[in-house]
2 protein chains.
Amino acid sequence: MGLRERKKQKTRLALIDAALDLFLARGYEATTIDQIAASVDVSPRTFFRYFASKEDVALALQADALDIFVAELSARPDAESPFTAMSQAMRAALATVGHNDEADHERFAKTCELRDRHPALVAGQARLMMAHEQRLLAEITRRRGADDLRSHFVLALFAAVARTCFEQCGPGEIRDVAALARRLDETLVVAGQSLRPGWDE
Amino acid sequence: MGLRERKKQKTRLALIDAALDLFLARGYEATTIDQIAASVDVSPRTFFRYFASKEDVALALQADALDIFVAELSARPDAESPFTAMSQAMRAALATVGHNDEADHERFAKTCELRDRHPALVAGQARLMMAHEQRLLAEITRRRGADDLRSHFVLALFAAVARTCFEQCGPGEIRDVAALARRLDETLVVAGQSLRPGWDE
DNA sequence: TAATTTATGTCAGCCTCTGCCAGATGACAA
DNA sequence: TTGTCATCTGGCAGAGGCTGACATAAATTA
């Protein structure tokens with residue numbers, strides 16, 4: 001990886017860090033792009049070459065985690081039913097994020113706190129999920145061997161589980177990835193108790 | 001109802017109609033607030049006294065329908081389980097919209113078409129749902145008599161089912177409220193087949 | 001070192017959205 | 001009918017998000 005590429009990664013992370021810190025310190029809406037750019041010594045125009053929008057930088061790490069999830073999903077064995085495969089992929093994705101370097105871990109925690117404080121970002125998180133929806137739906141129909149309403153239902157149910165995990169964590173309760181993984185397991189237990197065996201095949 | 005109130009209703013509907021028509025004709029992003037306001041002979045400043053944002057006017061009817069849904073929900077008998085009550089309330093809300101005057105019906109159809117064409121609005125629809133989330137959650141916990149993870153799961157699942165119905169209707173397939181109601185029934189059948197009896201109690 | 005590619009800064013500008021104040025219009029009582 | 005009051009509207013100024021175009025600076029490659 002050349003110098004140019006390394007510089008870009010560094011600038012990107014610096015922008016994310018500056019943004020998260022400013023958002024948490026002054027509030028999301030009260031922080032301007034100019035302030036973020038200034039605190040990294042970069043022109044505002046450059047900010048928009050790294051992130052498409054203000055929301056984008058706030059949820060950058062969530063987007064990364066989602067990419068990992070999608071990658072893990074296609075690595076799951078074909079024998080697994082759609083919902084099982086997605087559940088396992090989500091576990092694997094959380095494990096990956098949790099085992100990264102400390103800085104990344106902290107960024108993720110800050111993103112969670114920020115999302116809890118500013119409900120506007122929850123909608124953005126939903127939008128992220130929707131961006132990958134087509135790919136997930138394709139994976140579900142592939143594993144089920146049928147393209148019908150049930151595939152949509154499976155997708156919707158998994159989205160429901162994911163949302164239940166990631167948002168509305170109690171007041172300051174969930175701050176690290178391990179706790180998030182635990183909550184995922186709890187939610188999957190509830191889902192398992194609620195669903196009939198073989199419902200997603 | 002006085003003259004002032006009538007005028008306001010008229011302006012509101014005129015703005016919605018103008019917005020929907022312009023959005024469908026030129027595209028959502030290509031249409032500016034100034035154009036909408038001009039075609040109703042109203043100042044741009046006034047537009048924002050009726051709608052908080054551009055997205056707001058595009059989804060105004062969906063918001064109205066959601067309000068009806070919430071009202072219907074609290075009218076459901078206490079004996080019904082949370083998911084059943086929400087399902088029935090949704091049926092009732094769709095029936096109400098379907099039996100309104102013709103103009104309203106057409107506006108709703110236009111909103112659906114617009115949402116299908118511009119995925120950005122789907123996220124807005126999710127945001128609408130989330131705006132009522134606290135109230136729905138309270139209703140669920142009231143009916144279940146418990147405030148735990150399962151209540152969140154029931155809420156998320158219903159939200160997901162609603163989304164499955166309302167979006168990704170095939171290419172130009174669903175254009176009137178009756179078809180939408182039919183699709184809701186189909187989806188609820190799939191949900192019924194997948195979930196264990198009493199899962200939401 | 002020279003040529004090519006790519007990232008950044010600057011500038012100009014559109015659009016969304018808000019606060020503020022003055023003028024117009026409907027509501028209501030004398 | 002008329003005067004008073006509450007409310008709606010228009011115009012203005014401005015902040016902030018975001019984009020296109022062009023020139024400069026830096027890194028890559030030969």
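Reminder, nothing fancy here: chain letters follow the sequence lines and each chain counts from 1. Here the structure is a predicted model, which is why all the values come from computation and not from measurement.
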Roughly, in whole Å, what's the span from [atom1] in [X] to [atom2] in [N]?
X: A/Lys10; N: C/dT8; atom1: NZ; atom2: C1'; answer: 16 Å
X: B/Arg49; N: D/dC12; atom1: CZ; atom2: C1'; answer: 12 Å
X: B/Phe47; N: C/dT18; atom1: CZ; atom2: P; answer: 11 Å
X: A/Phe48; N: D/dG17; atom1: CZ; atom2: P; answer: 7 Å
X: A/Leu3; N: D/dA25; atom1: CG; atom2: P; answer: 18 Å
X: A/Asp41; N: C/dA7; atom1: CG; atom2: C1'; answer: 16 Å
X: A/Glu29; N: C/dT16; atom1: CD; atom2: P; answer: 19 Å
X: B/Ile36; N: C/dC15; atom1: CD1; atom2: C1'; answer: 12 Å

Both B/Asp34 and A/Thr11 contact DNA chain C. Which one's nearest nucleotide lies toward the 5' end? A/Thr11
Measure from the side chain of [X], starting at C-beta and using heavy atoms only, and say which of [options] lies closest.
X: A/Lys7; options: D/dA27, D/dG11, D/dC18; value: D/dA27
X: A/Lys54; options: C/dC20, C/dG26, D/dG17; value: D/dG17
X: B/Thr46; options: D/dT9, D/dG17, C/dG26; value: D/dT9
X: B/Lys8; options: D/dC8, C/dG9, D/dG10; value: D/dC8

When you check the side-chain N and O atoms of A/Ser74 and A/Arg135, is any donor under 3.5 Å from an acceptor? no
Just checking, any donor-acceptor pair under 3.5 angstrom between side chains of B/Gln88 and B/Glu80? no
Could you walk me through whether A/Phe166 and A/Phe69 satisfy the ring-ring contact (aromatic ring centres under 6.0 Å, His included) test, starting with their C-alpha distance in whole Å, then the side-chain angles of each, then the deciding distance to 0.1 Å, before giving a yes or no? CA-CA 14 Å; A/Phe166 290 145; A/Phe69 163 70; 9.4 Å; no
Enter the distance from B/Leu61:CG to B/Leu66:CG here, rounded to the nearest 0.5 Å. 12.5 Å
Under 4.0 Å, counting only non-hydrogen atoms across every strand here, what does A/Thr32 touch: a base, just sugar-phosphate, or nothing? sugar-phosphate
For a quick check of understanding: with a heavy-atom distance under 4.0 Å over all strands, which category does B/Tyr50 fall into, base, sugar-phosphate or nothing? sugar-phosphate
Under the 3.5 Å rule, do the base of D/dT28 and the side chain of A/Arg4 count as making a donor-acceptor pair?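 Flag unset: no donor-acceptor pair detected.
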If you take atom types as modelled and just measure distance, does the side chain of B/Arg45 reach the base of C/dG19 with a donor-acceptor pair under 3.5 Å?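 Yes, the side chain and the base share a sub-3.5 Å donor-acceptor pair.
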Sequence neighbours left out, what passes ring-ring contact (aromatic ring centres under 6.0 Å, His included) with B/Phe108? Give chain and number order. none
